[in-house]
Number of protein chains: 2
Amino acid sequence: MSTHDSDRLPPERPGQPGGKRDRNRKRRHEQLRQAGLRLFLDHGVDQVTIDDLAREAGTAKGNFYRYFTSKSELVTAVLAPVADAVRDAFDQAQARLEEAHDDASLFAAYQSLALGLIPVAMTEPDVVRLYLQESRAPASGARAPIRALADEIRERSVELTEFAVDHGLLRIPDPRISALAVVGAVEQLAWSSIGGELDAPPAQIAGTLISLVLEGIRSR
Amino acid sequence: MSTHDSDRLPPERPGQPGGKRDRNRKRRHEQLRQAGLRLFLDHGVDQVTIDDLAREAGTAKGNFYRYFTSKSELVTAVLAPVADAVRDAFDQAQARLEEAHDDASLFAAYQSLALGLIPVAMTEPDVVRLYLQESRAPASGARAPIRALADEIRERSVELTEFAVDHGLLRIPDPRISALAVVGAVEQLAWSSIGGELDAPPAQIAGTLISLVLEGIRSR
DNA sequence: AAATAACGTGACTGTGCGGTCATTCTTTGT
DNA sequence: ACAAAGAATGACCGCACAGTCACGTTATTT
């Protein structure tokens, strides 16, 4: 009969939401997530094996599959906080932009995007770094979730700027080119900053980039 | 005695420089290079096995090792044309910059950089794409040569702009930030363009980016 | 406290990988 | 034409991997 042929691994959550089972489960989940983050950063997602992950998390191999069905699913979990923050920040910015009517409110919309992104970049630099490290991976395999997030970021950035242009808030010839250029600049600066190649404080980097975008190099 | 303990695989070149051996050898080398380029793009460098490469190149596995000692060495060979062009272009630009004295000659130096890079990007888009795809990989493993090239590009870009600032040719507060922002913008635009997400012609993309950098968004 | 069910373990299996090598084929030098 | 050397082959070895599973442990329910 099999009411649910598919209730295989991993099983449902334990009984009480605040009980010992629930806490233990969350702890293991987080241990595996942290192990993944460390190993992925050091060796690249593709090079890390399930054995490596289990060992680094201090548990047995078979147990890994009680929490994640695949490495790809773990990658999604590792990325989750950043992915959520990114989506929220774009939603916010889009909502504000839809009610914008002048230069000031346009600026405020873009500012809300930045203000939504900066906190997570400060609290989770390693996750951001992992994203940047593998963000242009082929769309198949364990790195796929990272690539998907990258595609979403580019898409929504372009969307946002096209909306501004369509509603007469911004007057630039090709919004797609400008939006992608800014995304590329932001990502490269974040990458160099997190990697320690740029010792300037993030606030200064952001300020320099904003004035560069608004006024160009000539103005200085 | 062993005059040469280390003349193991891969062996020296065959007798005549223009003979059949030489031609065959060059052909196989190129077949393996093309096979690598295709497979690396489709599946990512780390996911491709030596068996895959040999099969795609239409040869036997053992033969691979007559041409490359490792996957990493093949990656280096795949990248070679772009790596060479990049180095040459930076050398050129640096030489011009050292003799620059005003705005016009500064512009000419940067222009020579662009003019050195554009041809190889047009003739070898796949190699550029592979570089962009894996350019932020960890420094160990088969992707290492790609990462090395990326580091070199960033380093020399910063160097170039710092030189211009130090010699009073450019007046910007932090040359490192500006240089990296431009590198990021260029790479992102190249990535999107090669990936078909931007249908604008390269010349228009370049023009828009240049005016964006020089004058900012406000000017339009 | 007994029964139940999720958690946790590590051995096990099959598969596929990197790298080697004896052998055969092709080119070259004489 | 013949010998010498490089090119090419694919079977083979050892190993490491993904995924499974029977069994022991710990928390939860009754």
Side-chain angles (χ1 to χ4, degrees), chain A residues 3-4 6-32 35-36 39-40 43-75 140-143, chain B residues 3-4 6-32 35-36 39-40 43-75 140-143:
Chain A
T3 54
H4 270 301
S6 64
D7 41 16
R8 303 251 305 95
L9 309 163
E12 298 304 311
R13 277 295 173 82
Q16 296 293 348
K20 201 164 191 177
R21 273 270 150 84
D22 193 45
R23 278 183 287 119
N24 283 346
R25 190 167 178 83
K26 275 177 178 144
R27 187 161 50 89
R28 268 267 179 275
H29 192 279
E30 188 57 21
Q31 281 171 353
L32 284 165
L39 293 178
F40 294 158
H43 309 292
V45 170
D46 287 347
Q47 288 293 332
V48 177
T49 70
I50 309 292
D51 287 276
D52 292 337
L53 291 165
R55 196 178 323 118
E56 179 81 8
T59 186
K61 179 182 193 171
N63 204 25
F64 174 89
Y65 292 96
R66 290 194 164 281
Y67 292 85
F68 304 97
T69 59
S70 62
K71 196 164 68 178
S72 172
E73 204 174 287
L74 175 59
V75 170
S140 65
R143 302 193 289 168
Chain B
T3 53
H4 271 302
S6 63
D7 42 14
R8 304 250 303 93
L9 306 164
E12 299 304 312
R13 276 295 173 80
Q16 293 294 349
K20 201 163 190 177
R21 275 266 151 86
D22 193 45
R23 277 183 289 120
N24 284 347
R25 191 167 178 84
K26 273 176 179 146
R27 188 161 50 89
R28 269 266 179 274
H29 192 278
E30 188 57 21
Q31 281 172 353
L32 284 166
L39 294 177
F40 293 158
H43 309 291
V45 170
D46 286 348
Q47 288 293 333
V48 177
T49 69
I50 308 292
D51 285 277
D52 292 336
L53 291 164
R55 195 178 324 116
E56 179 80 7
T59 186
K61 179 185 195 168
N63 204 25
F64 173 89
Y65 292 97
R66 290 196 158 278
Y67 292 85
F68 304 98
T69 59
S70 63
K71 197 164 67 177
S72 172
E73 202 173 289
L74 174 60
V75 171
S140 65
R143 304 193 286 168

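- Proximity of Arg28(B) to the phosphate of dA7(D): no side-chain N or O atom is located under 4.0 Å from OP1 or OP2.
- Distance CD (Glu73(A)) to P (dA18(D)): 16 Å, rounded to an integer number of Å.
- For Arg21(A), the listed nucleotide lying nearest its side chain is dA6(C); candidates were dG8(C), dT27(C), dA6(C).
- The CZ atom of Arg55(A) sits 9.0 Å away from the CG atom of Leu39(A) when rounded to the nearest 0.5 Å.
- Contact check for Glu73(A) versus Tyr67(A): no side-chain heavy atoms found under the 4.5 Å cut-off.
- Side chains of Asn24(B) and Arg27(B): a donor on one and an acceptor on the other come within 3.5 Å.
- Judged by atom type and distance alone, Arg66(B) does not reach the base of dG6(D) through any side-chain donor-acceptor pair under 3.5 Å.
- Side-chain atoms of Lys71(B) do not come within 3.5 Å of backbone N or O of Leu53(B) as any donor-acceptor pair.
- Closest to the side chain of Thr49(A), from the set dA18(D), dG19(C), dA27(D), is dA18(D).
- Side-chain contact between Val48(B) and Glu56(B) is absent, with no heavy atoms from C-beta onward closer than 4.5 Å.
- Among the nucleotides dG18(C), dT27(C), dA27(D), the one closest to the side chain of Ile50(B) is dG18(C).
- Sequence order on DNA chain C of the closest nucleotides to Val48(B) and Arg27(A) puts Arg27(A) first from the 5' end.
- Cation-pi geometry between Arg143(B) and Phe40(B) is not met at under 6.0 angstrom from the ring centre and within 45 degrees of the axis.
- Fit an axis to the five pairs at each end of the helix from dA1(C)-dT30(D) to dT30(C)-dA1(D) and the two axes sit 20° apart, to the nearest 10 degrees.
- The stretch residues 51-63 of chain A touches DNA chain C through Thr59(A), Ala60(A), Gly62(A), Asn63(A), each having a heavy atom within less than 4.0 Å of the strand.
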